[in-house]
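Okay, so here's the structure we're looking at.
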Amino acid sequence: KNKSLMSTKEENAIVLFYQYVEPPWTEEEHAQKLKWLIALAREKRITGRGRVACEGVNCTLTGRTSDIKEFCKNMREEESCFLETDFKITEGLSRGQVFKALTLRKTNELVGYGLFGEVTPSLKNSKARHVDAIEFHEIMKRPDACVIDVRNAFETEIGRMVPPDDGAEFIDPKMRNSHEFPRWLALPETQKKLNAKSTILMYCTGGIRCERASALLDTLASSQEEKKTQNSSCVQCSNAMISQALTTHTSADIVMVKGGIERYLRAFPDGGFWKGANYLFDRRLEQWPKTKTENDDQPLGVCALCNTPCSQYRGRFLCTAPACADAKVPVIVCSTCRPKANPNNLCCTLCRNGYHGARNAPRPELSKKNDTKRKRASELRQDHASTQFLFIGNIPLATSQYFLLQALDCEQEKQQIQVYWLADRTTCLFYGSAVLDTGNPSVAATILRNANKPIILNGRVLRLGFYRANRPPDAFYSTAPTPPIHPLTVVGSPISDSPADSAISTKKSRRA
């Protein structure tokens with residue numbers, strides 16, 4: 001099986017993706033999602049590793065290109081929370097770059113900020129916004145902006161953004177691990193830098209670390225402002241400087257690049273403002289701009305033993321200094337020094353420079369506001385009782401609105417029901433999912449109650465649930481009588497923009 005999986009370079013691919021879920025899954029749902037994801041990956045012969053928490057999923061997986069695409073398609077079909085997931089697929093992996101086994105771990109957090117539970121910053125209420133790589137690049141030219149590298153110091157050491165001299169200020173938190181970020185963000189000196197800027201940019205490898213980091217920036221500000229309002233004497237406490245600083249940057253525009261460095265380097269094959277290598281947590285090890293190699297530019301990192309410029313982490317050498325005892329920080333050792341290197345006597349750049357960072361700084365105090373309290377997900381989902389939108393998955397490709405509504409036993413209400421056939425954002429083709437606008441929450445509730453017994457359409461059991469957006473899809477859908485079988489049928493695609501056009505295109509394609 002492994003030989004067939006890794007037979008040729010062209011057959012293999014890697015996919016990176018993450019998806020946060022709000023409200024979070026219950027413990028029971030958490031266990032079910034993990035079990036389902038493992039079963040699906042094994043069915044598609046997928047290998048790799050990932051983290052599954054109550055707050056969502058974060059994975060790096062490898063396999064045959066066709067199996068990877070089918071895996072992503074099935075995730076969208078079977079779980080509505082993955083409809084908007086950005087699956088970053090890279091094809092052409094070599095045999096040695098494919099993971100040998102599948103390891104999906106049940107964890108408390110997707111990123112180890114230590115912010116799980118009642119103090120988890122809400123993504124839904126965050127003011128931070130996503131922009132594409134082109135816009136992110138342009139904002140880095142502005143002197144009123146700053147750009148924060150949300151990754152660990154050992155990653156930044158071999159590659160980072162280098163804005164123009166008259167552009168954004170680059171800020172490196174110099175973290176040994178993600179646990180230090182909340183402490184670093186709350187430091188008065190950090191806030192002083194942020195307060196001087198009108199736009200705060202953030203980036204990381206694929207985007208997941210920026211999600212909580214940007215939400216934390218909002219939450220810290222509102223939390224400290226609330227405490228200052230409730231107790232005017234807080235100016236006398238040791239956190240006075242932090243409290244004052246945190247309440248002044250709330251008007252700043254917080255921006256992160258969609259898809260992280262991965263998407264940025266695809267948009268800028270020459271690297272743009274990126275210098276060096278992008279550290280990867282998979283068997284590719286590093287990512288370089290498409291038109292560059294490690295020999296084109298001077299490496300940003302240096303060997304820990306001889307200070308020779310080097311940007312490769314090889315040999316699994318770790319820092320043995322007390323400051324990194326629990327962090328497992330990789331150390332660069334060049335090819336010349338590797339044979340003679342003593343793995344028990346190596347120090348990372350931070351330790352060699354005597355830098356302690358924010359690891360001993362106090363953790364920021366976050367108020368347990370009503371929005372961020374971790375109620376049971378089942379309680380929060382009671383709010384869906386007022387929605388009229390349903391998500392339907394596992395729909396046969398050969399069907400129609402008539403047969404779908406007939407299977408759902410809602411023919412009497414068909415005049416007021418609108419079916420939105422959902423389409424893949426890349427191919428603009430139907431992949432077995434739809435959103436149903438029932439026009440009335442009571443109709444939606446009735447359909448779901450009827451779904452207690454299996455609803456079968458053309459031999460397939462339909463999967464039903466409330467549509468989390470509580471509104472019609474914004475793009476990549478068709479309202480034609482039948483699902484889209486040609487890219488022209490999709491509203492929001494580069495070609496078509498109206499439901500009327502989609503219906504016409506469907507008829508033409510069927511005649512063809």
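The structure presented is a predicted model; accordingly, all values stated were derived computationally and were not measured.
- Contact check on Glu286 versus Arg314 returns a salt bridge, with a Lys/Arg side-chain nitrogen under 4.0 Å from an Asp/Glu carboxylate oxygen.
- Cation-pi contact between Arg151 and Tyr279: absent, since separation from the ring centre below 6.0 Å together with deviation from the ring axis within 45° is not met.
- Salt bridge status for Glu138 with Lys141: present, with a side-chain N to carboxylate O gap under 4.0 Å.
- Checked by atom type and distance alone, the side chain of Arg176 pairs as donor or acceptor with a backbone atom of His356 at under 3.5 Å.
- Side-chain contact between Asp149 and Met202 is absent, with no heavy-atom pair separated by less than 4.5 Å.
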Kindly determine whether Thr156 and Asn152 satisfy side-chain contact (heavy atoms from CB on, under 4.5 Å), including the steps that lead there. CA-CA 7 Å; Thr156 307; Asn152 299 317; over 6 Å; no
Show your reasoning for whether side-chain contact (heavy atoms from CB on, under 4.5 Å) applies to Asn12 and Thr62. CA-CA 7 Å; Asn12 300 321; Thr62 57; over 6 Å; no
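- In the displayed structure, Lys88 atom NZ is contacted under 6.0 Å by more than 12 heavy atoms of other residues, nucleotides or ligands.
- Remark: Lys328 NZ is loosely packed, at most 12 non-hydrogen atoms of other residues, nucleotides or ligands lying under 6.0 Å away.
- Using modelled atom types, one finds a donor on one side chain and an acceptor on the other under 3.5 Å when comparing Glu211 with His130.
- Remark: Ile14 CD1 to Leu280 CG distance equals 7.5 Å, nearest 0.5 Å.
- In this structure, the ring pair (Phe, Tyr, Trp, His ring centres under 6.0 Å) partners of Phe268, at least two apart in sequence or on a different chain, are His137, Tyr264.
- A donor-acceptor distance shorter than 3.5 angstrom exists from the side chain of Tyr313 to the backbone of Phe154, with no hydrogens or angles considered.
- Annotation: the span from Leu318 atom CG to Cys347 atom SG amounts to 12.0 Å, rounded to 0.5 Å.
- Summarising the geometry of Cys310 relative to Cys334, their closest heavy-atom pair is SG-CA, 4.1 Å, with the distance given to 0.1 Å.
- Side-chain contact check for Ile261 versus Cys204: every heavy-atom pair is 4.5 Å or farther apart.
- Taking 4.0 Å as the cut-off between side-chain N and carboxylate O, Arg129 and Asp253 count as a salt-bridged pair.
- When only modelled atom types and interatomic distance are considered, Arg338 and Ser335 share no side-chain donor-acceptor pair under 3.5 Å.
- Counting heavy atoms from C-beta outward, Cys72 and Tyr431 have side chains that stay 4.5 Å or more apart.
- With Glu91 contributing its side chain and Glu11 its backbone, the two residues share no donor-acceptor pair below 3.5 Å.
- In this structure a side-chain-to-backbone donor-acceptor pair under 3.5 Å is present from Arg76 to Thr85.
- Remark: the backbone N or O of Lys44 is not paired with any side-chain donor or acceptor of Arg64 at under 3.5 angstrom.
- For the residue pair Trp36 / Glu78, a side-chain donor-acceptor distance below 3.5 Å is found, with atom types taken as modelled.
- Side-chain N or O atoms of Arg142 include none that pairs as donor or acceptor with a backbone N or O of Gly167 at under 3.5 Å.
- Residues Thr60 and Asp282 have side chains that never bring a donor and an acceptor to within less than 3.5 angstrom of each other.
- In terms of heavy-atom proximity, Thr320 sits nearest to Pro343 at CG2-O, 3.3 Å.
- Between the CZ atom of Arg42 and the CG atom of Leu104 there is a distance of 8.5 Å, given to the nearest 0.5 Å.
- For the pair Arg160/Val162, a side-chain contact is recorded, criterion being any heavy-atom separation below 4.5 Å from C-beta on.
- Taking both residues in full, the closest heavy atoms of Ser178 and Tyr113 are given as O-CD2, 3.1 Å, listed atom of the first, atom of the second, then distance.
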Evaluate Phe87 against Leu16 for side-chain contact (heavy atoms from CB on, under 4.5 Å), listing each step before the verdict. CA-CA 6 Å; Phe87 292 101; Leu16 286 71; over 6 Å; no
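- In this structure a side-chain-to-backbone donor-acceptor pair under 3.5 Å is missing from Ser433 to Leu422.
- Residues Ile148 and Ile200 have side chains in contact (heavy-atom distance under 4.5 Å, counting atoms from C-beta outward).
- A salt bridge between Arg209 and Glu155 is present, with a side-chain N of the basic residue lying under 4.0 Å from a carboxylate O of the acidic one.
- Using a distance-only test at 3.5 Å, with no hydrogens or angles considered, a donor-acceptor pair links the side chain of Trp274 to the main chain of Gly276.
- Counting heavy atoms from C-beta outward, Cys54 and Thr26 have side chains that stay 4.5 Å or more apart.
- Between the side chains of Arg183 and Thr190, no donor-acceptor pair of N or O atoms lies under 3.5 Å.
- Met140 and Pro163 get closest at one heavy-atom pair: O-CB, 3.8 Å.
- Proximity of Asp166 to Pro143: side-chain heavy atoms (C-beta onward) are nowhere separated by under 4.5 Å.
- Side-chain N or O atoms of Gln287 include none that pairs as donor or acceptor with a backbone N or O of Asn278 at under 3.5 Å.
- With hydrogens and angles left out, the side-chain atoms of Ser198 and Asp144 include a donor and acceptor closer than 3.5 Å.
- Rounded to the nearest 0.5 Å, atoms CG (Asp67) and OG1 (Thr47) are 10.5 Å apart.
- Minimum interatomic distance between Val150 and Cys210 (heavy atoms only, all atoms of both residues): CG2-SG, 3.9 Å.
- One finds the CZ atom of Phe71 at 14.0 Å from the OG atom of Ser66 (value rounded to the nearest 0.5 Å).
- Geometrically, Arg212 engages Tyr20 in a cation-pi contact, judged by NZ or CZ lying under 6.0 Å from the ring centre and within 45° of the ring axis.
- Here Glu29 does not pair with Lys33 in a salt bridge; the nearest charged N to carboxylate O distance is not below 4.0 Å.
- Figure legend: cation-pi geometry between Lys174 and Tyr355, with NZ or CZ positioned under 6.0 Å from the six-membered ring centre and within 45° of its axis.
- Under the 4.5 Å side-chain criterion, counting only non-hydrogen atoms from C-beta, Arg51 is in contact with Thr107.
- No donor-acceptor pair closer than 3.5 Å links the side chain of Gln191 to the backbone N or O of Ala186.
- At most 12 heavy atoms of other shown residues, nucleotides or ligands fall within 6.0 angstrom of atom NZ in Lys290.
- The shortest heavy-atom contact between Leu305 and Val333 is CD1-CG1, 4.3 Å.
- To the nearest 0.5 Å, atoms NZ (Lys193) and CD (Glu169) are separated by 5.5 Å.
- Counted within 6.0 Å of NZ on Lys69, heavy atoms from surrounding residues, nucleotides or ligands total 12 or fewer; the atom is thus considered open.
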